[in-house]
2 protein chains.
Amino acid sequence: MRSETKDKIAELATELVQQVGYPSLSYQQISSQLGMKNAAVHYHFPSKEDLGLDVVRRDHEVFTKFAASVQGKGHTEQLDAFLSLYQQYLENGNRICMIGASASDYKQLPDSMRQEAAAYLTEVTGWFTRVLEAGKADGAFHFKGSAAGKAALMTSALAGALQHARLIGNDHYLAVVAQLKLELKP
Amino acid sequence: MRSETKDKIAELATELVQQVGYPSLSYQQISSQLGMKNAAVHYHFPSKEDLGLDVVRRDHEVFTKFAASVQGKGHTEQLDAFLSLYQQYLENGNRICMIGASASDYKQLPDSMRQEAAAYLTEVTGWFTRVLEAGKADGAFHFKGSAAGKAALMTSALAGALQHARLIGNDHYLAVVAQLKLELKP
DNA sequence: AAAATTACTTACTAGTTAGTAAGTTTTGCA
DNA sequence: TGCAAAACTTACTAACTAGTAAGTAATTTT
């Protein structure tokens, strides 16, 4: 019987980080929202760094499993699957992605979280690069320059679009996605 | 003799918001760094909302003046001027742009700041749209789809790239800029 | 059944936060 | 020179922050 409470804390903390950021994440908010005491959260995650690191790690794992789950599928299909993953954040309370949240909170992050977030972003851009590269080879995608450059552009555009959508509405995100897909057409 | 102190507070607050975000901006940090007392900052900016709103307004004004200053120049030149404006953030302590900072801190922002940031972003995307549209008409730029869609993509990509550069290095931002410029070539 | 481990609660600390009220100094002006 | 307004300082508050030590109840292991 593994710790359900720890999972619940991590899940809520994940949502809160995507909503308000790591610095504004508080033990009080977590404990009250889960109907427990402050110290109970500290029991599972002694320090805030422990909690924050676990949050980023879990989100990283979600992506890794996602990448494995779409492996072998068509390149357009893989891209669409990623886009709908991000779109869920938008529709679920205008969250931003974990990488974007980590990057904007960067200066307040402990080193362990910085490194984990960097590894996460490196893996995502790597995945994008491979999908784009392969998609170009089999004629599914078209773009100028290197796959790595295009991947860098796309990841940053999507992260930025999620954030900008908060300010000027979800249509902005949809417009960015539409433009990206349009430009990838052969 | 206008208030120099108020300007200095606003300037430091601007830098801090771009570094650590609005929620982590503290009167204590500002006052100690400027060699004054907490209450002195409150004298000029009674509430944190007053300060935060002024910070976004001033940054908005900087952009408005920038846009006016490059008006009439070549479209490629205008775009390059904007890019070097952003690149200064990167080189000056890995700041992120005010709009990106506002968007990621959105859930913690008072309404006045949300509205000001939204107006700011609307103005920036509008400026981009006009520059792209005109640049396409005179053959300086090439892109598929609408200028508005391309503008949405570019603003989000640049904001996201500034943030991602914190995690994986400044080369990421440069790669995104290079890709954007490459794709705009006729 | 006893011992030990897990999962908490109670109660607290030291530090930080925005914000305020009242008093003081500095500055500009008549 | 004297008055008034501007620009502060001193001293404080209430609320919040992460974190801890000690105690308790439940569960698991021996």
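Convention: sequence-line order gives letters A, B, ...; per-chain numbering from 1.
- Phosphate contact (OP1/OP2 of dA7(C), side-chain N/O of T5(A), threshold under 4.0 Å): absent.
- Contacts of L51(B) with the nucleic acid, taken as non-hydrogen atoms under 4.0 Å apart, are absent.
- A close approach under 4.0 Å does occur between a side-chain nitrogen or oxygen of Y43(A) and OP1 or OP2 of dA7(C).
- The residues K150(A) and E183(A) are annotated as salt-bridged, a charged nitrogen and a carboxylate oxygen being separated by less than 4.0 angstrom.
- Between F141(A) and H75(A), the two ring planes are tilted [angle within 30° to 60°].
- Cation-pi contact between K48(A) and Y27(A): absent, since separation from the ring centre below 6.0 Å together with deviation from the ring axis within 45° is not met.
- If you take CG of N38(B) and C1' of dA11(D), they are 12 Å apart, rounded to a whole angstrom.
- Taking only side-chain nitrogens and oxygens, H44(B) comes nearer than 4.0 Å to OP1 or OP2 of dC8(D).
- In terms of position along DNA chain D, the nucleotide closest to S24(A) lies nearer the 5' end than the nucleotide closest to the other residue of the pair A39(A) and S24(A).
- For Y27(A), whose side chain is taken as the heavy atoms from C-beta onward, the closest listed nucleotide among dA18(C), dG19(D), dT10(C) is dG19(D).
- Between the P atom of dA18(C) and the CG atom of L16(B) lies a distance of 11 Å, rounded to the nearest Å.
- Using cut-offs of 30° and 60° on the angle between ring planes, the pair Y120(A) and F63(A) is tilted.
- Nearest to the side-chain atoms of H42(B) among the listed nucleotides dT20(C), dT9(D), dG19(D) stands dT20(C).
- At dA18(D), one or more side-chain N or O atoms of K48(A) fall inside 4.0 Å of OP1 or OP2 (strictly under the cut-off).
- Mapping V41(A) and P23(B) onto DNA chain C by nearest heavy atom places V41(A) closer to the 5' end of the strand.
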